[in-house]
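Single-structure report; data block below.
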Amino acid sequence: MSKNKKFKIEPALAMPMLRKKLSDTDDAAFLCMIWAVHAVQDSRATHAARFLDYPKEAETTEINSKYAAHKWDLESLITLNFNTPKTMDPVWRQRPIDTRSFNSVADIVNLLRAAQDHESDDHVDHTNILLELHRIAHRTFAWQRGLVRAEDIYRYLYIYGQGECAAYFEKTNGLSVMDFFTVAFGHFGYLTRGPWMERIRDMDVLKVSQHAIDRSIQLLSGDIWDVRRESKALLSKFEKSLGTKLPVIYQPSYLRLKPIIRRAVGLRDRYIAPLPALIVMRATMGLYYDIQNGGVAVTNDATKRFEEYARRSIKAHCPGFDPAPAMTYVHKKNPVETPDILLKQDRRIAAVFECKATKLTFEAQYGNDPVENAKTGYSQIAKAIFQLWRFFSHIRRGIIELDVAPNAPAIVLTLDSWTQMSHELRNALIAEAEKIATVKEPEMIEEDKRRPVFCPIHELDQMLTLSNEEQLLAAFRAASDVYYQGWNIRQVRSDAVPKLERKRGFAFDAGEFLPWWRELVEARAATGQE
């Protein structure tokens, strides 16, 4: 953001100055300011004009604009506000933020960035700068990509909204996943129109009961003082888990759990979603929080549906492929499975995928030693690499006879971006897979250990809309090259392989689960919206 020219920042003083401003400022007014500046830069300026004074140039969605207030910075400011105790100073010593001024937003964002730079001097050097890029990528990329995308909504409803996952959610929370999403999506749209509003009380037209609305709001919202307490407890939990004090920009965001804030105004409650997209995130990706304690049956069901989804998506977008499920064969009197997806083209296996639906944890994103901090999750990724190598080893040794292309890539397909922007992290996982192979498959040779390609499912879906069969395979083969280690597969696809002349549309829509969805899509199309 552009700086106020009169506003000078001493890096070492930035955090104390920022905490003082937040401590002295009323929570309701602060959250309203954040809501308004986000609305101004989210094509909702008409709704924000009466809450914020701002220059016309601030009405931008351009990420590189000098007026841009990045959503990840706003989220960090909200988290820091929740984690900063309110002042006990007398009024005459308080210096609250002018929450009606856009310049105030610029000031506190610049203070945040100065504090970030000062903290970086203490914990970032030449030995860990690339790991810092990994953390920055996790903080920013999802916001840049967008949190309210039809393909993400469909994918998570497919995985978590059916079968054992859906049954566990309903048993635990007293409403269906689809009703929960419907209420969440309704409030997402509603709370983009203004701050501190009453909640929706009637969704009869969508056939959602009052009980489902009430229960959904309980899952989505928290009283402002409860949120303050729980946010600080969440920070303490992760700092204890990681054994370190977290930099301000990497403190866990309680908005990811409770994206709607509630406060009492007279006899009525009022609600605000300072970053409304997080409501949709909570009701899709965030369904994991509701099913994580469901046990093996629920976890296995999510994994099975993830594999099914991947096969369906590949086939729907590239019908020239035959994505076959895993096969079971016997080796040394024990059952062994091939990789989860055998991607066939003209009856020959052109690529193999090992799928891991393991959820990306906070420790995996922001720990100083991710592989150690998130050992359980990363061990699953290392195991996937070993399983791919074992397949190629068994093919070479004739233990299983299948027609496999000599240049078939080995792909680790994940639900989340586990190895984003870090070739050191990928090399650590490969080294861990080597240890597993030494113990479990000593007959394996270097020829079997094809360099794995790391591919999150959202990047596969994106590539499928941009590629035909040959282009997709070419991208995976290119990603196996040492030149592209550390690159995201999406970036490899863009750099190494020509695109289709015309991008395809996403093959599925959430109307498969939600009867009202198609009506919404048609209504938006009629008004020229995507």
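- Between the side chains of Tyr309 and Asp461, at least one donor N or O sits under 3.5 Å from an acceptor N or O.
- Nearest heavy-atom pair, Ala357 versus Phe306, reported as atom, atom and distance to 0.1 Å: CB-CD2, 3.7 Å.
- Between Asp322 and Lys315 there is no salt bridge, since none of the side-chain N atoms of the basic residue sits less than 4.0 Å from a carboxylate O of the acidic one.
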Verdict with supporting geometry, Ile381 and Thr358, side-chain contact (heavy atoms from CB on, under 4.5 Å): CA-CA 9 Å; Ile381 309 301; Thr358 310; 5.5 Å; no

Working for side-chain contact (heavy atoms from CB on, under 4.5 Å), residues Ile341 and Cys355: CA-CA 8 Å; Ile341 300 175; Cys355 301; 3.9 Å; yes

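- Looking at His187, its side chain does come within 3.5 Å of a backbone N or O of Val183 through a donor-acceptor pair.
- Here the side chain of Thr465 pairs a donor or acceptor atom with the backbone of Gln462 at under 3.5 angstrom.
- A cation-pi arrangement, defined by a distance under 6.0 Å to the six-membered ring centre and an angle within 45 degrees of its axis, is absent between Arg262 and Trp196.
- Considering OH of Tyr160 and CZ of Phe169, their distance stands at 12.5 Å, rounded to 0.5 Å.
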Residue pair Thr284, Arg155: steps toward the side chain to side chain donor-acceptor pair (under 3.5 Å) verdict: CA-CA 8 Å; Thr284 50; Arg155 184 187 313 116; over 6 Å; no

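- Between Lys258 and Glu230, no side-chain nitrogen of the basic residue sits less than 4.0 Å from a carboxylate oxygen of the acidic one, so the salt-bridge criterion is not met.
- In terms of heavy atoms, Ser417 sits closest to His458 at OG-CE1, 3.1 Å.
- Looking only at side-chain heavy atoms (C-beta outward), Ile108 and Phe30 come within less than 4.5 Å of each other.
- Looking at Phe476 and Cys455, their side chains come closer than 4.5 Å, going by heavy atoms from C-beta outward.
- Leu175 CG to Gln218 CD: the interatomic distance, rounded to the nearest 0.5 Å, is 10.0 Å.
- Between Leu235 and Thr79, every side-chain heavy-atom pair lies at or beyond the 4.5 Å cut-off.
- Side chain of Arg426 to backbone of Phe454: no donor-acceptor contact under 3.5 angstrom is found.
- You'll find the side chain of Thr244 stays beyond 4.5 Å of the side chain of Phe238, heavy atoms only.
- Under 4.0 Å is where a charged nitrogen must lie from a carboxylate oxygen, and between Arg305 and Asp301 at least one such pair does.
- Taking 4.5 Å as the limit, some side-chain heavy atom of Ile272 sits within range of a side-chain heavy atom of Pro274.
- With no hydrogens or angles considered, a side-chain donor-acceptor pair links Asn83 and Gln251 at under 3.5 Å.
- The closest donor-acceptor contact from the side chain of Arg504 to the backbone of Leu464 lies under 3.5 Å.
- Remark: side-chain polar atoms of Gln471 are paired, donor with acceptor, to backbone N or O of Asn468 under 3.5 angstrom.
- In this structure, Arg493 contributes its side chain and Val497 its backbone to a donor-acceptor pair below 3.5 Å.
- A donor-acceptor pair under 3.5 Å is absent between the side-chain atoms of Glu459 and the main chain of Pro456, judged by distance alone.
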Salt bridge (Lys or Arg N to Asp or Glu O under 4.0 Å) between Arg311 and Asp340, intermediate numbers included: CA-CA 10 Å; Arg311 293 196 300 269; Asp340 297 313; over 6 Å; no

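- His317 has its ring centre less than 6.0 Å from the ring centre of Phe506.
- Side-chain contact of Glu59 with Tyr54: a donor-acceptor pair under 3.5 Å is present, judged by distance alone.
- The local environment of NZ in Lys383 is sparse, with at most 12 non-hydrogen atoms from other residues, nucleotides or ligands closer than 6.0 Å.
- The CG atom of Asp481 sits 9.0 Å away from the CZ atom of Arg451 when rounded to the nearest 0.5 Å.
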Check against side-chain contact (heavy atoms from CB on, under 4.5 Å), Tyr156 and Val280: CA-CA 11 Å; Tyr156 285 107; Val280 178; over 6 Å; no

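- Trp72 places no side-chain N or O within 3.5 Å of a backbone atom of Ala142 that could act as its donor or acceptor partner.
- Remark: the backbone N or O of Asn81 is paired with a side-chain donor or acceptor of Arg228 at under 3.5 angstrom.
- How far CG of Leu275 is from CE of Met281: 11.5 Å, rounded to the nearest 0.5 Å.
- A salt bridge between Asp73 and Arg139 is present, with a side-chain N of the basic residue lying under 4.0 Å from a carboxylate O of the acidic one.
- Between Lys503 and Leu466, the shortest heavy-atom distance links the atoms CG-CD2, 3.8 Å.
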Derivation and outcome, side chain to side chain donor-acceptor pair (under 3.5 Å), residues Glu470 and Gln345: CA-CA 10 Å; Glu470 292 306 324; Gln345 186 181 38; 3.0 Å; yes

side-chain contact (heavy atoms from CB on, under 4.5 Å) assessment of Phe82 paired with Lys232: CA-CA 7 Å; Phe82 288 154; Lys232 285 186 279 189; over 6 Å; no

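- Inter-residue side-chain proximity for Leu343 and Val352 is flagged as unmet; no heavy-atom pair is nearer than 4.5 Å.
- Taking each heavy atom of Thr192 and Pro276 in turn, the nearest pair found is CG2-CB, 3.7 Å.
- Of the possible polar contacts, one joining the Asp509 side chain to the Gly511 backbone as a donor-acceptor pair under 3.5 Å is found.
- Put simply, OG1 on Thr61 and CG on Asp42 are 9.0 Å apart, with the number rounded to the nearest 0.5 Å.
- You'll find the side chain of Ser241 reaches within 4.5 Å of the side chain of Glu363, heavy atoms only.
- For residues 273-289, the pairs satisfying salt bridge (Lys or Arg N to Asp or Glu O under 4.0 Å) are Arg282-Asp290, with sequence neighbours left out.
- Taking the side chain as every heavy atom from C-beta outward, Phe51 and Thr99 never approach each other to under 4.5 Å.
- Phe181 and Ile153 make their closest contact through CZ-CG2, 3.5 Å (heavy atoms, listed as atom of the first residue, atom of the second, distance).
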Worked check of ring-ring contact (aromatic ring centres under 6.0 Å, His included) between Phe185 and Trp516: CA-CA 11 Å; Phe185 197 82; Trp516 53 267; 5.6 Å; yes

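- Classified by interplanar angle (parallel below 30°, tilted 30° to 60°, perpendicular above 60°), the ring pair Trp487/Tyr484 is perpendicular.
- In terms of heavy-atom proximity, Cys32 sits nearest to Pro195 at SG-CG, 3.7 Å.
- No side-chain N or O of Arg450 forms a donor-acceptor pair with one of Ser480 less than 3.5 Å apart.
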Worked verdict on Phe513 versus Tyr154 for ring-ring contact (aromatic ring centres under 6.0 Å, His included): CA-CA 9 Å; Phe513 311 114; Tyr154 180 89; 5.2 Å; yes

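- One distance of note links CD of Glu164 with OG1 of Thr299; it measures 11.0 Å at 0.5 Å rounding.
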